[in-house]
Each structure stands twice: as C-alpha cells, then as structure tokens.
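All figures in this text were calculated on a predicted structure; none of them were measured in a lab. Naming: A, B, ... by sequence-line order, numbering from 1 per chain.
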Amino acid sequence: MDFNLTPEQQALKAEFDEFFKEEEKRAPEGWVGGFETRFENDDNWEYYRSCIDNAAKKGWLSLPWPKAYGGRELSYIEQALFAQSAEYHRVPAIDVHLSIVSAGILAFGSEEIKSEWLPRMAKGEIDFAQCWSEPNAGSDLASLTTKAVEDGDDYVINGQKIWTTGAHRANHLFILARTNPDVKKSKGLTYFLCDINTPGITVRRLDYMNRTHVYNETFFDDVRVPKKNIVGEVDNGWYVTMAGANFERSGAGGIAAMQRDMEDLVQFCKEHQRGGKAISQDPMVRRKLAKMAVDLEKARQWAYWVSWQQSADPWAFSEPSAAKYFMTEFMVRMSNEAVEIMGLYGTLKQGSKWAKLKGKFESNCQATLGFTIAGGSSETQKNIIAWMGLGLPRMK
Amino acid sequence: MDIDLTEEQQLLKNSARDFFEKELPKEVVKELEVDPLGYSPDLWRKMAELGWCGLTIPEQYGGAEFGFLELVMLLDEMGRACLPGPFFSTVVLGAPIIMAAGSEEQKSELLPKLASGDLVLALALTEPSATYDASGIATTATADKDSYILNGTKLFVHDAHCADYILCVAKTKVWSTPEEGISIFMVDPNSSGITITPLETIADDHQNEIIFDNVVVPAENMIGEVDHGWPVIKRVLEEAAVAKCAEMIGGCDWTVETSANYAKERVQYDHPIGAYGSIQHYLADMWIEAGMARRMTYFAAWSLEQETPCSAEVAKAKTCVNEAYKYCTRMGVQIHGGIGTTHDHDIGLFYRRSRQAALLFGDTEDSLIKIAQEMGL
C-alpha cells in the first residue's frame with residue numbers, strides 16, 4: 001500500500017500547479033470560483049473562456065482521451081490531479097459537459113462523429129449545454145417525451161428541456177430525445193449533438209433562488225438536426241448517456257475546492273473576534289471546524305479509492321455514486337456551517353459593504369442545494385448503491 | 001499510488017476469516033462474555049501456532065516481523081469475529097512497549113515468549129480520572145533502594161485478571177509537568193499489595209480495577225528510561241487507536257452484510273423489506289460509512305508505518321470509525337426490528353462493542369480537540 005504519488009505523477013502535479021497558480025492571478029475582481037460563477041456575468045464568462053483556451057493550447061482538454069484522438073490517455077488518478085489543481089486555484093479549466101460528451105462519443109461515436117467533433121472540443125471551440133431533463137422527467141430521465149421524428153436526412157425535434165446549465169452561454173447542445181415510442185422507455189432514445197443557433201431553439205432564463213442565472217429552459221419547435229449528428233445508433237441513446245458518466249468521478253476537484261474554502265474560513269476565524277478573543281479559540285467553533293476536516297478527509301480517502309477502482313473497473317457504479325452523494329451533501333452541510341460560524345457576516349452577499357470572503361458561503365449554501373439534486377439526486381445515488389452495490393430488490 | 005491490499009495481506013485476511021468462522025462461533029463468544037477467564041486458552045494456542053502473537057515481533061526474537069498493516073488485516077477479522085481475550089492487550093499494547101523501550105536483556109527474555117504465545121500482558125494506564133492524557137496519572141512509583149514502591153488505582157484495565165505481567169504506567173517524579181516524570185514498570189500481578197477486581201462493562205470485555213498498595217517492584221523491572229516513559233506510551237496509544245479502528249471496521253462490514261441479507265429475507269406487506277426505500281437508504285448510508293471508515297483506517301495505518309508525525313491522521317480516522325461503527329450497529333438493529341434487540345441474535349454483540357470501542361484510545365470529543373490543535377487554529 002502506498003499513498004505517495006509516483007515521481008511522474010508528482011511532476012505532472014507540479015506542472016498543473018504552476019499553470020493554475022498563474023491563471024488564478026488573472027481572475028476578475030468578483031471571481032469566487034465554483035461552478036456557477038462562470039455563467040453569471042460577462043466578465044466571469046470571458047475569464048472562463050480564456051482559461052479554457054489556455055488549457056486547450058496545452059492540450060489539456062483531452063487528457064483522458066486515446067492518443068489517436070489527440071488525448072494523453074491519462075489515468076483516472078492523473079485526471080484527478082488535474083481537477084484538484086484547477087479547483088484548488090479556483091481556475092475554471094474544467095467543462096464537465098466536455099467530459100460527459102467526449103466519454104459518450106469515444107464509447108459509441110462513429111469515426112465521422114469522432115473526427116468532426118473531438119478536435120474542435122479539444123481546441124476549446126465547443127461550449128456544450130445539456131438537454132436531458134424535462135419538467136416531467138428528472139430522476140426518471142428515461143421517461144422523457146421530447147420527440148425526434150425522422151424526416152429525410154434529418155430528425156425533427158419537438159419538446160421542452162429544463163435545467164439546461166449555461167444554455168445562455170453555450171454554442172452547442174447535446175440532446176436526448178425519443179425516437180421510438182413503441183418500445184421500453186429506455187430503449188427508444190437517441191443522442192443528438194446540435195448547434196444552438198439551429199432555427200426553432202428558444203432558451204428561457206430560469207432564476208435560481210438567489211436570482212443568479214445558471215439554469216435555463218430550452219424549447220424545441222420543429223428543430224432540424226442532421227442524422228450525421230447522432231452519437232451511436234438510433235434508439236441506443238440511453239447507453240451513450242450511461243457511457244457519458246465514464247470519466248473521473250472521484251470528486252477530487254470538489255474536494256480541492258472545499259479545501260481552499262476551508263482555508264479561507266479558518267483564516268476568517270483567526271481574525272474575527274468575539275468577547276475579545278479570536279473565534280478560532282472558541283471550543284464550539286473548533287469542534288465544527290474539526291468535524292469539517294474529518295469529513296473532508298473522508299471524501300479525500302474515498303476519492304483515492306474511487307480513482308483506483310475506476311482504473312480497475314470503469315463500470316463499478318456504487319463507489320462513484322457514494323462519492324457524488326457524500327460530497328454534495330457535505331457541500332451543503334459545510335456551506336451552511338460556515339454561514340453559522342461567520343454569524344451575521346455569513347449572510348452578507350458578495351458586493352455588499354462589510355461582506356467577508358466575497359460572500360462565498362452566502363452564495364454556496366444556496367447553490368449547493370442544486371448539487372444534491374442534479375447529476376443523480378442523493379436519493380438516486382443511494383438507490384444505485386442499494387440495488388447495484390448491495391443487491392437489494394427493486395420494487396416493480 | 002497503490003492503495004489496495006497486497007496479495008499477501010489479502011491472503012492473511014482471508015485465512016484469518018476462515019479460521020474464525022471455523023473456530024469461534026458467536027455462541028462461544030457469548031459464553032466467554034460471562035466466563036471469568038473470558039477467553040479460550042486452546043484458541044489462543046492455535047493463534048500462537050499460526051504465528052499471530054509474534055506477527056510484528058522482529059525475526060531475531062522469534063517473530064514474523066510483519067508490519068502494522070499486516071496486523072490490521074488480522075485485527076479486522078478479529079473484530080468481525082468478536083474475538084475475546086488478551087490478544088489486543090498483549091500484541092498491540094504490551095509487546096510494542098517492550099520493543100520500543102526494553103533493554104536488550106529484557107527484549108531477549110520477553111519477546112520470544114510473547115512471540116510463542118507463552119506470555120500475556122496487560123497495560124495499566126488509565127485511572128479513575130478516565131482519561132488517556134498524562135495528566136490523568138496519579139499512581140506513584142517511589143524509588144526505594146533497588147526497588148520502586150507503587151501506590152495508586154488503575155481502572156479500565158483490560159485483561160489484568162489473566163496477565164502474566166502488568167505494565168504499570170506511574171509517576172516517578174511527582175513535581176513535574178504531566179508528561180514528564182512518567183515511567184513504565186513490569187509488575188508481577190501476584191505481588192503483595194495488588195488487588196484486582198473485575199468490572200462489568202457494556203461489551204463484557206473483561207476490564208478490571210487494580211489497586212496498588214505499597215507494591216514493591218524491582219528496579220530492573222522498569223521498561224525504558226526513568227521519567228521518560230510518556231513518549232513510548234503516546235506512540236503506543238496512536239497505534240492502539242488505529243488498531244482499534246481495524247477491529248471496528250471488521251464489525252462494520254459484518255453489520256452491513258448481515259443487515260442487507262436480512263433485508264432480502266424478511267418479508268412484510270408481501271415484499272422483502274429490502275425493497276422499501278427507507279431500508280435501502282439506511283443500508284446505502286451504512287455501506288458508505290463502513291467503506292469510508294475502512295479507507296481512513298488504512299490511510300492512518302500506512303501513515304503510522306511511515307514513522308512521520310501523523311497525529312491528525314490518527315485522530316481523523318478514530319473520529320470517523322467511532323461514528324461509523326456506532327451508526328452502522330444502531331441502524332443494523334433498527335433494520336432487524338425486534339429480533340435485533342435480543343441476546344439470541346448476534347447483532348447485539350456488535351452494538352455493544354461499538355459503544356465501548358468508540359471510547360477506547362480516543363473518543364470522538366478528544367479526537368476532535370486534537371484535530372483542531374493540529375489544524376493550527
């Protein structure tokens with residue numbers, strides 16, 4: 001057993017750290033890191049785009065891909081090092097949609113799809129938004145009803161998608177639509193890629209509870225998508241979707257981001273006084289911070305195990321499910337605890353006079369609620385662990 | 001980075017599991033709980049013959065010279081088996097003290113006997129102050145010609161009733177800071193002035209009170225340097241914490257597996273209860289906590305093997321495993337319903353052990369205090 005990085009991995013980590021340390025220095029004044037920040041205003045989006053461009057120039061958007069498609073075939077552990085370094089430095093160099101789509105294309109895409117899309121994705125030219133969930137199809141995604149009907153060289157898509165992250169910034173969509181209503185729900189779906197400027201697509205803003213604009217509804221009115229934009233086979237889209245989950249999912253990046261946030265919180269506690277003493281001397285505060293440190297270490301040790309496991313068995317689902325569930329619940333818990341520790345200061349928004357830590361936790365304790373719901377809700381993840389990990393029976 | 005078990009470690013673990021499945025049915029565990037000796041000398045002999053008593057003792061003294069991680073493999077299965085007896089006291093607490101601080105003469109005399117299973121040790125550290133801190137030690141050892149006179153009360157001492165020697169941690173210099181002036185003595189339990197009284201505890205794990213009333217101990221029975229015993233004890237306590245974690249993760253795994261199996265069998269309202277979301281989600285949470293407890297234990301054990309300071313890692317592991325074991329056993333009983341609360345069912349063994357183990361060698365509150373200190377707050 002050896003928890004040390006190999007010399008090669010250490011060198012890679014150093015390379016990543018050096019790059020991201022520099023990138024962090026260029027961040028706009030209001031930049032607080034995190035996933036949703038990039039979508040919120042033009043300055044943030046421009047910073048995100050420039051980070052992606054710089055990472056693309058180094059060939060870092062395609063790290064896990066086969067060399068034949070411009071990748072470096074990095075292991076899951078090495079991908080985790082990349083994510084950790086980026087997120088610790090709060091640099092948005094990761095586009096999770098890119099990971100999802102490329103994994104699907106690599107598993108099921110034709111050579112034509114691969115050669116048309118992968119190089120552009122590697123260059124950072126494609127910003128995808130995900131068109132999967134619908135108002136009546138969330139956890140039960142396979143029950144979706146957006147239709148795609150064959151018409152000559154195209155499919156014509158009609159329907160409505162919801163929770164389209166960043167559609168207001170994206171230039172492309174990846175869509176799961178029903179091509180066959182006569183078979184079992186999950187067996188009649190097809191996976192399409194499409195330019196967002198295709199006629200018939202309408203994006204409507206959804207306001208998050210704190211009025212930030214991250215998510216959207218996307219409407220499809222007779223949208224024509226060429227057949228050549230189908231990933232995999234017609235009616236096989238569900239499996240392309242499943243394969244899209246086959247990238248580094250240990251949560252290592254999120255852990256690094258929380259490590260950084262915790263360091264900020266600890267610093268706040270050392271500086272902020274109550275009753276003539278720094279609150280870092282308050283046993284109650286110390287206990288909360290120590291518990292956070294334990295949860296962070298649990299997530300970290302589990303992340304190493306998931307990375308290790310994924311290398312041995314990419315189709316193991318329970319361990320990544322546990323990682324996603326634990327991490328996101330911890331994120332909600334931690335941001336709420338942080339607000340409590342900061343007391344009244346914890347409630348000040350970024351930009352307000354007297355705001356501390358750029359209102360990070362005021363924002364996070366709201367944004368994180370979406371994470372225990374999206375990407376497979378906590379309940380869904382527990383179902384996966386119960387059904388696939390523990391072999392418990394599914395109710396018919 | 002390679003964080004899975006080696007083939008050798010997996011083999012050791014598997015063979016230990018097979019051994020205990022054959023040699024230690026839970027009915028026997030329950031009988032031994034109320035037996036005055038509390039363990040089977042026959043089973044002890046078999047374990048010694050397998051080389052387990054000397055697993056981490058250097059080869060030159062008759063041991064197998066394996067590392068701490070290999071010991072963790074054994075302890076994991078011992079926890080799953082609810083193994084009673086003085087293995088932990090002897091192999092995890094006693095022998096390492098001799099190895100770390102004993103003179104060459106003491107090591108040559110004692111380690112071979114420890115390796116062959118011919119010597120049982122007990123560590124008398126804690127007192128009515130009920131703390132693992134050095135400040136809790138009030139037992140004194142007063143120098144008197146070529147002896148020391150021991151006076152005081154030790155409490156919560158596992159296996160004192162069956163030990164060949166008691167390692168007693170006492171103050172040799174009373175007017176000093178708590179961590180200075182502490183020495184370790186090897187005491188014959190048959191010495192005049194020693195009274196050993198069994199305690200009744202939740203896990204039926206044969207703890208004892210020991211009263212030392214002017215007990216004379218030869219000076220040559222001191223282990224290590226006079227007044228400098230605390231660093232040795234401190235290190236052993238960290239190893240003990242992680243060793244206890246190893247036992248606990250074994251118990252966690254048994255509990256999760258047994259509860260999942262029960263949920264597949266038990267039918268109510270025409271479905272196995274394992275088909276209901278509430279039960280599935282309990283089990284998913286238990287599986288995760290048990291899994292994370294295992295990863296934290298391995299990391300802490302590996303860190304101890306590196307011999308670099310790792311108090312934070314140890315404290316985090318102990319906190320995590322304490323809470324995981326308590327949670328898994330509590331929910332395991334819930335999943336079993338009424339029968340989970342009976343003496344007849346085995347899950348009670350684990351529930352009771354979880355309550356005890358969480359408080360041994362680092363309870364959650366103490367551990368959180370340590371973690372906060374290590375965070376530099």
Colleague: Determine the option with the most heavy-atom pairs under 4.5 angstrom with chain B, choosing from Val285(A), Thr6(A), Asn4(A).
Modeller: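 Looking at each of Val285(A), Thr6(A), Asn4(A) in turn, Asn4(A) comes out on top.
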Colleague: Taking every non-hydrogen pair under 4.5 Å, which of Asp285(B), Ile369(B), Thr364(B), Ile279(B) racks up the most with chain A?
Modeller: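 The answer is Asp285(B).
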Colleague: Whether the side chain of Gln280(B) engages the backbone of Arg394(A) through a donor-acceptor N/O pair (distance < 3.5 Å, no angle test) should be reported.
Modeller: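 No, because the side chain of Gln280(B) does not come within donor-acceptor range (under 3.5 Å) of the backbone of Arg394(A).
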Colleague: Does any backbone or side-chain atom of Met388(A) lie under 4.5 Å from a heavy atom of chain B? Answer side chain, backbone, both or neither.
Modeller: neither
Colleague: Any chance you could measure Arg287(A), atom CZ, to Ile371(B), atom CD1, to the nearest 0.5 Å?
Modeller: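 If I round to the nearest 0.5 Å, the distance is 10.5 Å.
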Colleague: Heavy-atom pairs under 4.5 Å with chain A: which of Asn261(B), Ile3(B), Leu377(B) has the most?
Modeller: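 Option with the top pair count is Ile3(B).
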Colleague: Tell me which of these, Trp302(A), Trp305(A), Trp387(A), has more heavy-atom pairs under 4.5 Å with chain B than the rest.
Modeller: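 With the most close heavy-atom pairs to chain B, the winner is Trp305(A).
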Colleague: Given that the side chain runs from C-beta out, which part of Phe3(A) has a heavy atom under 4.5 Å from chain B: side chain, backbone, both or neither?
Modeller: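 Contact with chain B is through both the backbone and side chain of Phe3(A).
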Colleague: Any donor-acceptor pair under 3.5 Å linking the side chain of Lys316(B) with the backbone of Lys298(A)?
Modeller: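 Not a single qualifying donor-acceptor pair exists.
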Colleague: Cys269(A), Ala323(A), Ser318(A): which one forms the most heavy-atom pairs within less than 4.5 Å of chain B?
Modeller: Ser318(A)
Colleague: Can you see which heavy atom on Ala263(B) is nearest to which on Leu392(A), and at what distance?
Modeller: CB-CD2, 4.2 Å
Colleague: Where the side chain of Trp287(B) meets the backbone of Gly389(A), is there a donor-acceptor pair that is under 3.5 Å apart?
Modeller: no
Colleague: So which residue, Ser280(A), Pro393(A), Ala293(A), Ala386(A), ends up with the most heavy-atom pairs under 4.5 Å with chain B?
Modeller: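 Result: the option with the highest number of such pairs is Pro393(A).
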Colleague: Measure Asn383(A) against the heavy atoms of chain B and call it side chain, backbone, both or neither at under 4.5 Å.
Modeller: both
Colleague: Identify the two heavy atoms, one from Trp308(A) and one from Met1(B), that lie closest to each other, and give their separation to 0.1 Å.
Modeller: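 Scanning both residues completely, I find the closest heavy atoms to be CZ3-O, 3.2 Å.
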Colleague: Which pair of heavy atoms, one from Ala372(B) and one from Ala290(A), lies closest together, and at what distance?
Modeller: N-CB, 4.1 Å
Colleague: Under a 4.5 Å heavy-atom cut-off, does chain B meet the side chain of Lys270(A), its backbone, both or neither?
Modeller: side chain
